[in-house]
Amino acid sequence: TIKQLRSPRPGVENGEVEILFMLRTFAWDYSSRYGVSLSDNEYNKFILLFNPDYLTYIDELAKTATAPFKDSQNLIGYYIDNELPFNSYQNNNPLKGIELQHFLELKDRFTSSDRQGYDEFAGARNFAKSFMLERGVQPEVKNITTKLRNEFRYEVARYYYKTMTEALRKHDPNHLILGSRLFDSSMYNEWTVRACAEFCDVVSVNYYNHWYPTVEYCKNQMGVWSDKPFIVTEFYTKGDGTKYGGTAYE
C-alpha cells in the first residue's frame, strides 16, 4: 500500500519528491485562457516565458502547488518540470529547442478586436530582438551565428530557472529545488546545464541511450559545467536476451 511505501517500519519514513510541471501547466492551460491552441508542431513552449501573464501565473501556481508540502519534514524537494525542449538534436528543429530564429519569426495571431490590442508573442519576439541589438547585431535571421544561438539559449534558460526558483522559494523556502529533469540532447548542452546549476540546488537528468553515466559525462561535462550535484531521475534496463534488429545488447 502507499502507506507502507511511505513508512516501511514504525518511526521511519521514506523521503518524497514532487514534480510540479510548472511551464507545462501554463502551456496546457493556454487554450482555455486565450481561446487558441499552442501546438507543439508550431511553437516552442519557452516563448511562454515572455507572455504578459507568465509571472503572475507561476506565482499563483507555485503557491497552490507547494501548499500541501511546504511544512513537510518528509519532502526532499521539487522537480520544476519534466523533459522540456531546451535543445534540439544537432539544432535541426526550432520547435524542439530554444532557437533564436524561432523567436525572431514569431507572428501574433490576435487582432485588436479579438484581444483589445493584445500582442500574443510580442514579448518573446522583442526579447530576441533586444538580445541581438545589445550585442551590436541587427535582429535579422541572416545575422544569427552559432555563438549567438548558444548565448540566446543560455539567456532564455537562465530566465526560466530564475523566475521558477524565485516563485517556488517565495512560497516554500524549506525544500530543495531539484531542476527540471533534463533529457536527451538538453542534458548534454553546456548552456542549459549552466543555467540550471546557477539557480537550482540539484541538476536532474533522465539518463537514456547509455547503460550507465559515462566518465566523459560525469567528469568532463557535468563536472565542468556545474558546481552542483546531479541526480539521475529516470533510466532504463533490459532483460537478458533482449535484442535490437536481431543483435543482442551487450
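The analysis underlying the following values was restricted to heavy atoms, covering all of them including side chains, and did not include hydrogens, waters or symmetry mates.
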Can a salt bridge be assigned to the pair [X] and [Y] using a cut-off of 4.0 Å between side-chain N and carboxylate O?
X      : Y      : answer
Glu151 : Arg135 : yes
Arg169 : Asp201 : yes
Asp81  : Arg181 : no
Asp40  : Lys45  : yes
Asp53  : Arg33  : yes
Lys162 : Glu166 : yes

For the ring pair [X] and [Y], is the centre-to-centre distance below 6.0 Å?
X      : Y      : result
Tyr160 : Phe86  : yes
Tyr79  : Phe21  : no
Phe131 : Phe103 : no
Phe121 : Tyr43  : yes
Phe235 : Tyr207 : no

Between [X] and [Y], is there a shared hydrophobic cluster once you connect ILVMFWY residues whose side-chain heavy atoms come closer than 4.5 Å?
X      : Y      : result
Tyr154 : Leu23  : no
Ile76  : Phe69  : no
Ile177 : Met187 : yes
Val17  : Leu176 : yes
Leu104 : Leu148 : yes

So [Y] and [X], do their side chains get closer than 4.5 Å, heavy atoms only?
X      : Y      : value
His171 : Lys70  : no
Glu99  : Arg149 : yes
Ser31  : Val36  : no
Leu84  : Leu182 : no
Phe127 : Leu49  : no
Asn51  : Tyr34  : yes
Val205 : Glu234 : no
Arg125 : Asp108 : yes

Report task. Give the C-alpha distance, both sets of side-chain angles, the deciding distance and a yes or no for side-chain hydrogen bond (donor to acceptor under 3.5 Å, both in side chains) between Asn206 and Asp184. Result -> CA-CA 8 Å; Asn206 290 349; Asp184 197 47; over 6 Å; no
[X] to [Y] - nearest heavy-atom pair and separation:
X      : Y      : result
Met222 : Val203 : CE-CG1, 3.6 Å
Met164 : Ile58  : CE-CG2, 3.9 Å
Cys218 : Phe230 : SG-CZ, 3.8 Å
Cys200 : Gly179 : SG-CA, 3.8 Å
Leu133 : Pro139 : CD2-CD, 3.5 Å
Gly77  : His175 : CA-CB, 4.0 Å

Requested in this report: Report the relative orientation of the aromatic rings in Tyr54 and Tyr159; use parallel for angles under 30°, tilted for 30 to 60°, perpendicular for over 60°.
Outcome: tilted
Which distance, rounded to the nearest 0.5 Å, do you find between the [atom1] of [X] and the [atom2] of [Y]?
X      : Y      : atom1 : atom2 : answer
Asp71  : Asp172 : CG    : CG    : 7.5 Å
Gln101 : Leu106 : CD    : CG    : 11.0 Å
Ser204 : Ile19  : OG    : CD1   : 9.0 Å
Met22  : Thr163 : CE    : OG1   : 8.5 Å
Ile80  : Leu178 : CD1   : CG    : 8.5 Å
Glu18  : Thr66  : CD    : OG1   : 10.5 Å

Query raised in the report: Between Lys219 and Tyr217, is there a donor-acceptor pair closer than 3.5 Å when you use the side chain of the first and the backbone of the second?
Result: no
Query raised in the report: Between His102 (side chain) and Asn44 (backbone), is there a donor-acceptor pair under 3.5 Å?
Result: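 Yes; at least one donor-acceptor contact below 3.5 Å.
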Query raised in the report: Out of Lys96, Glu190, Arg153, which residue meets the side-chain hydrogen bond (donor to acceptor under 3.5 Å, both in side chains) rule with Asn87?
Result: Arg153
Report task. Could you walk me through whether Asp59 and Lys170 pass the salt bridge (charged side-chain N to carboxylate O under 4.0 Å, His left out) test, one step at a time? Result -> CA-CA 8 Å; Asp59 180 73; Lys170 173 183 175 181; 3.0 Å; yes
Report task. Compute whether any side-chain donor of one residue and acceptor of the other, for Gln138 and Asn143, lie under 3.5 angstrom apart. Result -> no
Query raised in the report: Within a reach of under 6.0 Å around CH2 of Trp191, are more than 12 heavy atoms found that belong to other residues, nucleotides or ligands?
Result: no
